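Worksheet: the structure to be examined is printed underneath.
None of the values given here were measured: they were computed from a predicted structure. Here is how names work: the chains are called A, B, and so on, in the same order as the sequence lines, proteins then strands, and each is numbered from 1.
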There are 2 protein chains.
Amino acid sequence: MNKPTAPDCCPAPSAAPDLRPVEGRGADEELAVLAKAIGHPARIQILRLLTHRTACVCGDIVDELPLAQSTVSQHLKVLKEAGLVRGEVDGPRVCYCLEPRALRRLRVLVAGL
Amino acid sequence: MNKPTAPDCCPAPSAAPDLRPVEGRGADEELAVLAKAIGHPARIQILRLLTHRTACVCGDIVDELPLAQSTVSQHLKVLKEAGLVRGEVDGPRVCYCLEPRALRRLRVLVAGL
DNA sequence: ACGAGGTATCGTTCATCTACGATGAACAAA
DNA sequence: TTTGTTCATCGTAGATGAACGATACCTCGT
């Protein structure tokens with residue numbers, strides 16, 4: 001019944017197929033939002049950090065980037081609003097993890113170009 | 001020896017393998033540039049126009065988009081600077097075509113996330 | 001050389017992005 | 001309750017982006 005600091009977010013990969021269209025106005029807008037979200041090196045670096053460390057990091061991201069804490073928080077917000085990342089509160093800290101569905105969606109949309 | 005209006009740009013697909021790295025600082029920057037370039041619905045629409053019509057269009061792009069000619073020209077410039085598109089002068093008009101290598105590179109980099 | 005059509009560039013305006021420090025809110029431990 | 005830690009938000013300043021009209025630039029016919 002212990003509740004260690006180890007967070008338990010980053011849930012099931014959930015390999016459900018994606019039935020949304022790859023073209024059309026909606027897809028264009030969707031791809032534009034996703035692409036703009038990863039259109040900054042810092043945000044790409046954040047995504048890589050989250051992929052490599054399977055576990056969700058939180059403030060460690062700040063330590064890894066040459067940016068102020070508030071700036072990193074902004075970037076995380078952008079990624080979160082794009083749906084690429086999710087944050088779960090784990091005590092005083094926040095655990096961020098990738099949203100594999102969004103990443104897959106991005107790959108599909110880019111492949112559709 | 002005839003030189004019809006049909007443009008002869010959009011050259012060989014050239015399936016040479018890409019040996020550049022998928023990660024690291026350089027790749028991050030590269031992906032950020034490419035992603036930012038497609039981070040706007042109008043530019044995605046332009047890319048789709050260029051893929052669907054095999055032939056290179058030029059000012060027809062302006063007719064397809066609800067934007068001023070100068071704005072479309074700006075978007076084309078962004079795509080060109082990102083390496084996603086190339087423009088060749090064909091008489092009084094300019095023929096734009098996709099750069100398949102850049103598109104492939106983008107796919108690879110996104111897949112590497 | 002000249003005019004006409006097709007593009008690119010310039011200059012401007014308004015909005016969004018990026019970065020920071022400072023402040024605020026939430027929570028755990030004392 | 002108070003304190004310290006962690007993260008989000010606010011406010012700001014400078015840079016970049018997006019859109020347009022106007023204008024300059026080419027290239028081809030005449």
Side-chain angles (χ1 to χ4, degrees), chain A residues 2-9 28-29 32-47 49-50 55-82 84-97, chain B residues 2-9 28-29 32-47 49-50 55-82 84-97:
Chain A
N2 53 355
K3 193 170 185 310
T5 56
D8 61 318
C9 62
D28 285 2
E29 190 66 46
V33 168
L34 289 171
K36 194 191 293 186
I38 66 170
H40 192 288
R43 291 196 283 269
I44 294 178
Q45 232 175 317
I46 291 175
L47 290 182
L49 287 175
L50 294 182
C56 344
V57 273
C58 69
D60 303 331
I61 300 176
V62 176
D63 299 334
E64 300 276 1
L65 299 185
L67 295 171
Q69 177 265 327
S70 57
T71 305
V72 173
S73 195
Q74 287 265 106
H75 283 306
L76 284 168
K77 186 181 180 183
V78 172
L79 290 172
K80 194 160 55 179
E81 286 178 348
L84 284 164
V85 140
R86 183 174 23 150
E88 284 188 19
V89 177
D90 174 41
R93 62 199 91 214
V94 177
C95 163
Y96 281 97
C97 16
Chain B
N2 52 357
K3 194 172 184 307
T5 56
D8 61 318
C9 61
D28 285 3
E29 191 66 46
V33 168
L34 289 171
K36 194 190 292 187
I38 65 170
H40 192 289
R43 291 196 282 268
I44 293 177
Q45 232 174 316
I46 291 176
L47 290 182
L49 286 175
L50 294 182
C56 343
V57 275
C58 69
D60 304 331
I61 300 175
V62 177
D63 300 334
E64 301 276 0
L65 299 185
L67 295 172
Q69 178 266 325
S70 57
T71 306
V72 173
S73 195
Q74 286 266 107
H75 283 306
L76 284 168
K77 185 181 181 183
V78 172
L79 289 172
K80 195 161 52 176
E81 286 178 348
L84 285 164
V85 140
R86 183 173 24 149
E88 284 188 20
V89 177
D90 173 41
R93 62 199 93 211
V94 177
C95 162
Y96 281 97
C97 18

Between [N] and [X], is there an OP1 or OP2 to side-chain N/O distance shorter than 4.0 Å?
X: B:T71; N: D:dC20; value: yes
X: B:H75; N: D:dG17; value: no
X: B:Y96; N: C:dA8; value: yes
X: A:R43; N: C:dT18; value: yes

What is the distance, rounded to the nearest whole Å, between atom [atom1] of [X] and atom [atom2] of [N]?
X: B:D90; N: D:dC28; atom1: CG; atom2: P; answer: 9 Å
X: A:I38; N: C:dC17; atom1: CD1; atom2: C1'; answer: 17 Å
X: A:R93; N: D:dT6; atom1: CZ; atom2: P; answer: 6 Å
X: A:K77; N: C:dC17; atom1: NZ; atom2: P; answer: 11 Å
X: B:E88; N: D:dC26; atom1: CD; atom2: C1'; answer: 16 Å
X: A:I46; N: D:dC7; atom1: CD1; atom2: P; answer: 13 Å
X: A:Q69; N: C:dT18; atom1: CD; atom2: P; answer: 17 Å

- Stepwise side chain to side chain contact (heavy atoms under 4.5 Å, CB included) test for B:I61 and B:L50: CA-CA 9 Å; B:I61 300 175; B:L50 294 182; 4.3 Å; yes

- Return the minimal non-hydrogen interatomic distance between B:A32 and A:I44, and the atom names on each side. N-CD1, 3.5 Å

- Query: Base, sugar-phosphate, or nothing for B:L76, non-hydrogen atoms under 4.0 angstrom?
  - Reply: nothing

- Check whether any side-chain heavy atom of B:H75 sits under 4.5 Å from a side-chain heavy atom of B:L65, and report yes or no. no

- Spell out yes or no: do the side chain of B:Q74 and the base of D:dA19 have one donor N/O and one acceptor N/O closer than 3.5 Å? no

- Item | DNA chain D: 5'-proximal contact among B:L67 and A:K80 (nearest heavy atom) | A:K80

- Item | Whichever of B:K36 and B:S73 has its nearest DNA chain C nucleotide further upstream toward 5' | B:S73

- Message: Of the options D:dG21, C:dG6, D:dT9, whose atoms approach the side-chain atoms of A:S70 most closely?
- Response: D:dT9

- Task: Test A:V85 against A:L47 for side chain to side chain contact (heavy atoms under 4.5 Å, CB included), laying out the working first.
- Result: CA-CA 8 Å; A:V85 140; A:L47 290 182; 4.0 Å; yes

- Message: Within this structure, what is the CD-NE2 distance for the pair B:E29 and A:H40, rounded to the nearest 0.5 Å?
- Response: 8.5 Å

